[in-house]
Undergrad: 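One structure, as structure tokens, below. Some questions next.
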Number of protein chains: 2
Amino acid sequence: MSLTPVRGAATIEEVAARAGVSRSTVSRVVNGSTAVSPAALDAVQRAIDELQYVPNRAARSLASRQTRAIALVIPEDTDRFFGDPFFGSIVAGISQVIGESDYVMNMLIASDDASAKALGYLRSGSVDGAIVASHHTSDTFIDRLADTVPVVYGGRPARVRPTDHYVDVDNVQGGRDATQYLLDRGHRRIATVAGPADMPAGIDRLQGFRDALAAAGLEPFAVEDGGFTETEGADAMRRILASGDVPDAVFVASDLMARGAYTALRERGLEPGRDVAVIGFDDSSAATSLLPALTTIRQPSHDQGRQMARMLLDLLAGRAPASTAILPTEIIERGSA
Amino acid sequence: MSLTPVRGAATIEEVAARAGVSRSTVSRVVNGSTAVSPAALDAVQRAIDELQYVPNRAARSLASRQTRAIALVIPEDTDRFFGDPFFGSIVAGISQVIGESDYVMNMLIASDDASAKALGYLRSGSVDGAIVASHHTSDTFIDRLADTVPVVYGGRPARVRPTDHYVDVDNVQGGRDATQYLLDRGHRRIATVAGPADMPAGIDRLQGFRDALAAAGLEPFAVEDGGFTETEGADAMRRILASGDVPDAVFVASDLMARGAYTALRERGLEPGRDVAVIGFDDSSAATSLLPALTTIRQPSHDQGRQMARMLLDLLAGRAPASTAILPTEIIERGSA
DNA sequence: CTGAAAGCGCTAACAT
DNA sequence: ATGTTAGCGCTTTCAG
């Protein structure tokens, strides 16, 4: 490998010369135009192979005014992003659909400080559209992004504008189902480790929890914010137990936090599933790797990712998809509740 | 948001007109050239602000023959990538250094099927260089990549070529230290859940394990391949226990697999750390979230990421860095061994 | 069905 | 210190 990139790459001009046609014809072949004679097509294709020609992306993008690239923006810091299997699942879904298209996906982990740079990138015409995947809510830079290129959000944005496109999960219903499940099993002293109060997903799940309890004429045993991380989840559970009083059951608004809750419970000599019923949310890999395996609310993250990608692709193709999709959740019974 | 991206973006021409200078002067300002009079600089800067000018990346890249973008190539499937905190840590390190430079980072999750497309992307002049981060070894497409742009590998490549640049961790020494630690505590019947035989990291750690045992005149109690995943780690541990015979201790070549091993041990009524000593490898978040917390070999993944990024940046700047860096590991004592 | 010509928005000599 | 002049490699009318 030389220090300077190999720039001897063949150009369309060279391919044209070798095939004995004009640049235009080569361009037509490369772009799959039908208006090319079989003979020309064959000659061009051969030349492309021989020269190992790959069109220069910058030139193409400059001329055509589109990049065939989309950005996957993650307004989270790296730890958080990689710490939560939820993201893996959603990204897998997105990447699957984008992978089947002729777009490439640029992942931008745009936490705090890096966001100005990321915004510049997005506004510099580097991508045709963006998917914003996050638990989060209040990223001001995201707003400015939407003025530049079409955007699809994962989860309901903090302030929904009429033009916004997003794919969400029915978090309120999920929270309600989880709580009702606990109620149905005879639990009455029910606490929750909630998601952050500044994230729609957290807010909605808590809402569902309160709804179900209220419908049963009950008060929450306790409500503690667990920040959607394992550590904070454990801390929240510790706070719930700090009074010395122990709930019958706890609805933990994410599997990762539930993992933390297990730890906090065991520190107090309490066995999850036996002494305190625990129900999670996500059905991520964290749920099955716990012992006892976690009863949880499954959200179709992979599918959510796919739908977001499709929505953006539709938008880019001028197909005007429905602006919103809400996916259902489902309860998964395992050993913890 | 309109279906067509906002393309009214200001061009350098408009900025020049507004500032009353030529395109060249604007270009100089944008690129931080010193040869610009204070007056002109001021006028241009004002015009840029007013017009919200952002240089078009494609045009810039076409003219300058560089993209100011680097690719982070992950030759793993999404599940694996997101399932292992090791990657999070390494990506965080890379992204930190790249974030401080004026390069942007494009993450390419290029598993199996997607790799052809990814290769095309990289060869189309979309990036100035690439970092390949993986446990893996035998990705043929990577070889062709290195002929196109400068590449830095995370971990020793399968076949090291004289021109290769990489940053690795001293896996052999780490494996040796882990095993010696077990030996020092009086364990004699020592098994290992090893990494895959086709990944240098797996091979090297196993080598260290064998070295230490041989030096003590001992044979391995058992050697089972755990594929670097939690599930396979659990399976490997189950296989070790299948004979009915129980080892004193086990060296598990990754924290994630150790998590699986805990599960397998407990299924058999064996308590990790009490009945069977367990030592891991990574010191990822998986290690501390286990109960008892995992004694493990810390590898400086974050630092490894940073060094890889620096190496690539040096390469791109024509600074010719040392082609290899090997980082030391360190033992972290916790409750499991 | 094919070629010629005119840019896309920017940088980089080269003058001045 | 600043402007002028050529392109970078490709797509896209527009003729033919």
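A note on names: the letters A, B, ... follow the listed sequences, proteins ahead of strands, and every chain is numbered from 1.
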Undergrad: So, using side chain to side chain contact (heavy atoms under 4.5 Å, CB included) as the criterion, who are the partners of B:Ala309 when residues are at least two apart?
TA: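 By the side chain to side chain contact (heavy atoms under 4.5 Å, CB included) rule, B:Ala309 matches B:Ile94, B:Val97, B:Ile98, B:Ile131.
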
Undergrad: Which residues satisfy the side chain to side chain contact (heavy atoms under 4.5 Å, CB included) test with B:Glu100, sequence neighbours excluded?
TA: B:Gln96

Undergrad: Let me see the working for A:Thr148 and A:Leu119 under side-chain contact (heavy atoms from CB on, under 4.5 Å), right down to the final yes or no.
TA: CA-CA 10 Å; A:Thr148 313; A:Leu119 182 61; 5.5 Å; no

Undergrad: Heavy atoms under 4.0 Å is the rule here; annotate nucleotides 10-16 of chain D 5' to 3' with B where the base is hit, S where only the sugar-phosphate is, and - elsewhere.
TA: BBB----

Undergrad: Under 3.5 Å, sequence neighbours excluded: what are the donor-acceptor pairs made by side chains of residues 68-75 of chain B?
TA:
unit_1: B:Arg68; atom_1: NE; unit_2: B:Gln66; atom_2: OE1; d: 3.4
unit_1: B:Arg68; atom_1: NH1; unit_2: B:Asp102; atom_2: OD1; d: 2.9
unit_1: B:Arg68; atom_1: NH1; unit_2: B:Asp102; atom_2: OD2; d: 3.0
unit_1: B:Arg68; atom_1: NH2; unit_2: B:Gln66; atom_2: OE1; d: 3.2
unit_1: B:Arg68; atom_1: NH2; unit_2: B:Tyr103; atom_2: OH; d: 3.4

Undergrad: State which residues pass salt bridge (charged side-chain N to carboxylate O under 4.0 Å, His left out) with B:Arg310; sequence neighbours excluded, sorted by chain then number.
TA: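 B:Arg310 satisfies salt bridge (charged side-chain N to carboxylate O under 4.0 Å, His left out) with no residue once adjacent residues are dropped.
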
Undergrad: How bent is the helix from C:dC1-D:dG16 to C:dT16-D:dA1, measuring the angle between the end axes built from five pairs each, rounded to 10°?
TA: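 Computed angle between terminal axes is 30°.
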
Undergrad: Can you list everything that forms a side chain to side chain contact (heavy atoms under 4.5 Å, CB included) with A:Val30? Sequence neighbours excluded, please.
TA: A:Val26, A:Ile48, A:Tyr53, A:Pro55, A:Arg60

Undergrad: Could you pull out all residues at least two apart from A:Asp168 that satisfy salt bridge (charged side-chain N to carboxylate O under 4.0 Å, His left out)?
TA: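 Here no residue qualifies.
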
Undergrad: Only counting residues at least two apart or in another chain, list the ones meeting ring pair (Phe, Tyr, Trp, His ring centres under 6.0 Å) with B:Tyr121.
TA: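 Scan of B:Tyr121 (ring pair (Phe, Tyr, Trp, His ring centres under 6.0 Å), adjacent residues dropped) gives none.
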
Undergrad: List the residues meeting side chain to side chain contact (heavy atoms under 4.5 Å, CB included) with A:Ala63, not counting sequence neighbours, and say none if there are none.
TA: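 With sequence neighbours excluded, A:Ala63 shows a side chain to side chain contact (heavy atoms under 4.5 Å, CB included) to no residue whatsoever.
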
Undergrad: Between C:dC8 atom P and B:Glu14 atom CD, what is the distance in whole Å?
TA: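 The distance from CD of B:Glu14 to P of C:dC8 comes to 11 Å, rounded to the nearest Å.
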
Undergrad: What parts of residues 32-43 of chain B reach DNA chain D, counting only heavy atoms under 4.0 Å away?
TA: B:Ala35, B:Val36, B:Ser37, B:Ala40

Undergrad: Show every donor-acceptor pair shorter than 3.5 Å between a side-chain atom in residues 32-44 of chain B and any protein atom, with sequence neighbours excluded, or say none if there are none.
TA:
unit_1: B:Ser33; atom_1: OG; unit_2: B:Ala35; atom_2: N; d: 3.2
unit_1: B:Ser37; atom_1: OG; unit_2: B:Ala40; atom_2: N; d: 3.2
unit_1: B:Asp42; atom_1: OD2; unit_2: B:Arg46; atom_2: NH2; d: 2.5

